Amino acid sequence: MILKIKSLVFVLCCVFFSVSAQLKNDVKLVEDFKDMGFGLFVHWSMDSQLGSVISHSMVGASDAYVKKYMNELPKTFNPKKFDPDEWARLFKLTGAEYVVFTVKHHNGFCMWDTKTTEFNIMNTPYGKDIAGELFKALREYNIKVGIYFSPEDFSFVYKQGHIISRKGYTNQVTNNPELLAYDKKQIDELIDMYSPDIMFFDSFKKADIVQHVHAKDPKIIVTRGEMNTPEQKIPDTALKGPWETCMTMGTQWQYKPTNEKYKSGTDLINKLIEIRAKGGNFLLNIGPKPNGEIPIEQEERLREVALWMFVNNEGIKNIRPLPNKIKDGDLWFTQNKKENAVYVFITDQKDDWFKGFRRNFLIKYLRATKETKISVLGQNDLVVEYWPENNPKSRLIQHEKALEISISRAHRLYNDKIWPNPITVKLTNVEIVE
């Protein structure tokens, strides 16, 4: 009996120390990640030539289809219009602090110069390291480098003789030691070659891959695999700890030349505001064309976001949500984590808010003090173009149960003098009503 008790104690101690030894994202890096707020996702692989769903068309496909997919598509993939500097300059304008690029999706095709498989970008007419070219350009614009990597690898399990299935037993690294070893070798190669800032592991099972990354380079933040990453949805309320919503502009992650329906720029901006008000990061996806260009529909939306962020990024970056005060009607809130400032995002206004016109709003969650100041991000509150007698100064009145703010849309951003997207009011030295 004593021997059994000692054995049990030994086992429990091993479990305890095993759990306690689990490596996690560095706390400071997590806070830095939360400060960033906005990033861009890039889904791109050789099957963008077909305009199909990325990778997943291999599941349930005939043997003839899979062979043709793996053997023929690389021969015609030649994104000779890919301009990493142009991409990076556009991404910088949007205010994105990081970009997560799909170096390997579920199909197993590698978008970098890997020595682990011939199924890679170097064996195409393009013949250059796309991932390396993009990462170099991103760093020149001080944008963090993120890597999307799928531990599930359809080409690998197919060559093993297994049926391709997203939830198949042999597709999971926990059940396929050879696949796990292969993935780790590729991950080591990626870290050694590119020193990424962020890694995103898209698979149902991850075995010890996250631990492997933390042990190899503690400076890497692991998003999917260690934090909540809601896909195509925004949580109803703030989540504990860091989190990141990833979302498409349309209905598909990769380029979809036909039958696509895009979200409006206003919708994307509103989603960014909601996510930040709830304390999350927004990872907005693009799907480049097979020739390397960003589709005009996606570029248009990125530039609409860029204009809005150029004016309002102060309320999006380096902020935290108000405790238990996310929204009040059409008004969303964030707060600067260092200075005593609250940002009020005025959304869902009619598109007839003409330049120089004034609107009033009541806020029941905030109370003004003698030191409170009010301003609208991006405008000086002094001039309305072509309307010198108009006084656009922002005003506030503290009522018994609500703070009233009076705002003029004085900044001319569009030629027709109508701005359809949210404006941001900055209030300093206000009290939060419990």
Side-chain angles (χ1 to χ4, degrees), residues 40-84 87 100-114 117-131 133-134 148-159 162-168 171 200 202-203 231-232 246-263 284-302:
L40 292 173
F41 217 176
V42 183
H43 273 73
W44 196 25
S45 192
M46 60 171 191
D47 52 359
S48 59
Q49 298 174 90
L50 302 176
S52 67
V53 57
I54 189 169
S55 300
H56 294 275
S57 70
M58 296 178 75
V59 179
S62 67
D63 193 57
Y65 180 96
V66 173
K67 287 180 178 178
K68 189 176 181 181
Y69 180 102
M70 293 176 59
N71 297 325
E72 298 301 321
L73 282 180
K75 297 177 182 178
T76 52
F77 187 45
N78 189 15
K80 57 186 177 182
K81 290 189 177 182
F82 169 59
D83 186 337
W87 280 26
V100 180
F101 181 70
T102 49
V103 297
K104 185 183 80 165
H105 206 264
H106 306 315
N107 59 16
F109 183 78
C110 298
M111 296 285 278
W112 81 97
D113 184 8
T114 179
T117 177
E118 295 297 309
F119 195 46
N120 70 69
I121 188 64
M122 305 305 290
N123 294 308
T124 68
Y126 186 73
K128 291 183 287 186
D129 182 1
I130 277 183
E133 292 178 324
L134 177 59
Y148 167 108
F149 181 91
S150 171
E152 297 172 17
D153 190 312
F154 296 162
S155 63
F156 189 90
V157 298
Y158 179 77
K159 291 175 182 177
H162 303 305
I163 295 175
I164 298 171
S165 175
R166 184 74 212 278
K167 289 191 175 183
N171 269 79
F200 182 114
D202 190 11
S203 60
E231 189 170 310
Q232 300 285 46
C246 50
M247 187 176 291
T248 55
M249 284 190 185
T251 62
Q252 184 162 286
W253 294 99
Q254 192 167 239
Y255 175 59
K256 189 177 182 182
T258 60
N259 306 308
E260 183 62 299
K261 184 177 181 181
Y262 284 103
K263 302 173 184 66
L284 176 62
N285 183 74
I286 66 168
K289 294 168 64 175
N291 67 0
E293 294 177 319
I294 296 174
I296 186 59
E297 298 87 352
Q298 298 179 28
E299 180 183 341
E300 288 170 348
R301 283 151 181 81
L302 288 178

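Everything quoted here is computed from the prediction, not taken from an experiment.
Between the CZ atom in Phe119 and the OG1 atom in Thr114 there is a gap of 12.5 Å [rounded to 0.5 Å]. In this structure, CD1 in Ile54 is found 5.5 Å from NE2 in His43, a value given to the nearest 0.5 Å. Note that CE of Met122 and CG of Asp113 are 4.0 Å apart. Values are rounded to the nearest 0.5 Å. Taking OH from Tyr69 and CG from Asp47, the interatomic distance works out to 3.0 Å, rounded to the nearest 0.5 Å. Going from atom NZ of Lys75 over to atom CE of Met46 covers 12.0 Å, rounded to the nearest 0.5 Å. Taking CD1 from Ile294 and CG from Leu40, the interatomic distance works out to 8.5 Å, rounded to the nearest 0.5 Å.
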Checklist line | side-chain contact (heavy atoms from CB on, under 4.5 Å) between Phe41 and Thr248, intermediate numbers included | finding: CA-CA 9 Å; Phe41 217 176; Thr248 55; over 6 Å; no

Next item on the list: Carefully, step by step, assess Met249 and Leu302 under the rule side-chain contact (heavy atoms from CB on, under 4.5 Å).
Entry: CA-CA 10 Å; Met249 284 190 185; Leu302 288 178; 3.5 Å; yes

Next item on the list: Please report the C-alpha distance between Asn171 and Phe154 in whole Å, then the side-chain angles of each, then the deciding distance to 0.1 Å, and finally whether the side-chain contact (heavy atoms from CB on, under 4.5 Å) criterion is met.
Entry: CA-CA 7 Å; Asn171 269 79; Phe154 296 162; 3.3 Å; yes

Margin query: Assess the residue pair Tyr158 and Met70 against the criterion (side-chain contact (heavy atoms from CB on, under 4.5 Å)); give the C-alpha distance rounded to whole Å, side-chain angles, the decisive distance to 0.1 Å, and a yes or no.
Written below: CA-CA 10 Å; Tyr158 179 77; Met70 293 176 59; 3.9 Å; yes

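Inter-residue side-chain proximity for Leu73 and Leu50 is flagged as met; some heavy-atom pair is nearer than 4.5 Å. The shortest side-chain heavy-atom distance between Ile130 and Phe101 falls under the 4.5 Å cut-off. Within the 4.5 Å cutoff, no side-chain heavy atoms of Tyr262 are placed close to those of Lys256.
Between the Gln252 side chain and the Glu260 main chain, no donor and acceptor come within less than 3.5 Å of each other. Listed for the Thr124 side chain is no donor-acceptor partner under 3.5 Å among the backbone atoms of Asn78. In this structure, Asn285 contributes its side chain and Trp253 its backbone to a donor-acceptor pair below 3.5 Å. Within the 3.5 Å criterion, the main-chain N or O of Asn120 finds no donor-acceptor partner in the side chain of Lys104. A donor-acceptor pair under 3.5 Å is formed between the side chain of Asn123 and the backbone N or O of Glu118. Between the side chain of Gln298 and the backbone N or O of Pro288, no donor-acceptor pair lies under 3.5 Å.
Between Gly292 and Pro79, the closest heavy-atom pair is N-CB, 3.8 Å. The shortest non-hydrogen separation linking Pro290 to Tyr255 is CD-CD2, 3.6 Å.
Ring orientation note: the planes of Phe149 and Trp112 are tilted relative to one another, at an angle of 30° to 60°. Between Tyr148 and His105, the ring planes lie parallel to each other; the angle is under 30°, not in the 30° to 60° tilted range.
By the ring-ring contact (aromatic ring centres under 6.0 Å, His included) test, Phe82 is found to be paired with Trp44, Trp87, residues two or more places apart in sequence or in another chain being considered.
Judged by distance alone, the side chains of Asn107 and Ser45 do bring a donor and an acceptor atom under 3.5 Å apart. Looking only at atom types and distance, the side chain of His106 has a donor-acceptor partner in the side chain of Ser150 under 3.5 Å away.
Of the charged side-chain nitrogens involved, at least one lies within less than 4.0 Å of a carboxylate oxygen, so that Lys289 and Glu293 count as a salt-bridged pair. The pair Asp202-Arg166 meets the salt-bridge criterion, with a side-chain N (NZ, NE, NH1 or NH2) lying under 4.0 Å from an Asp/Glu carboxylate O.
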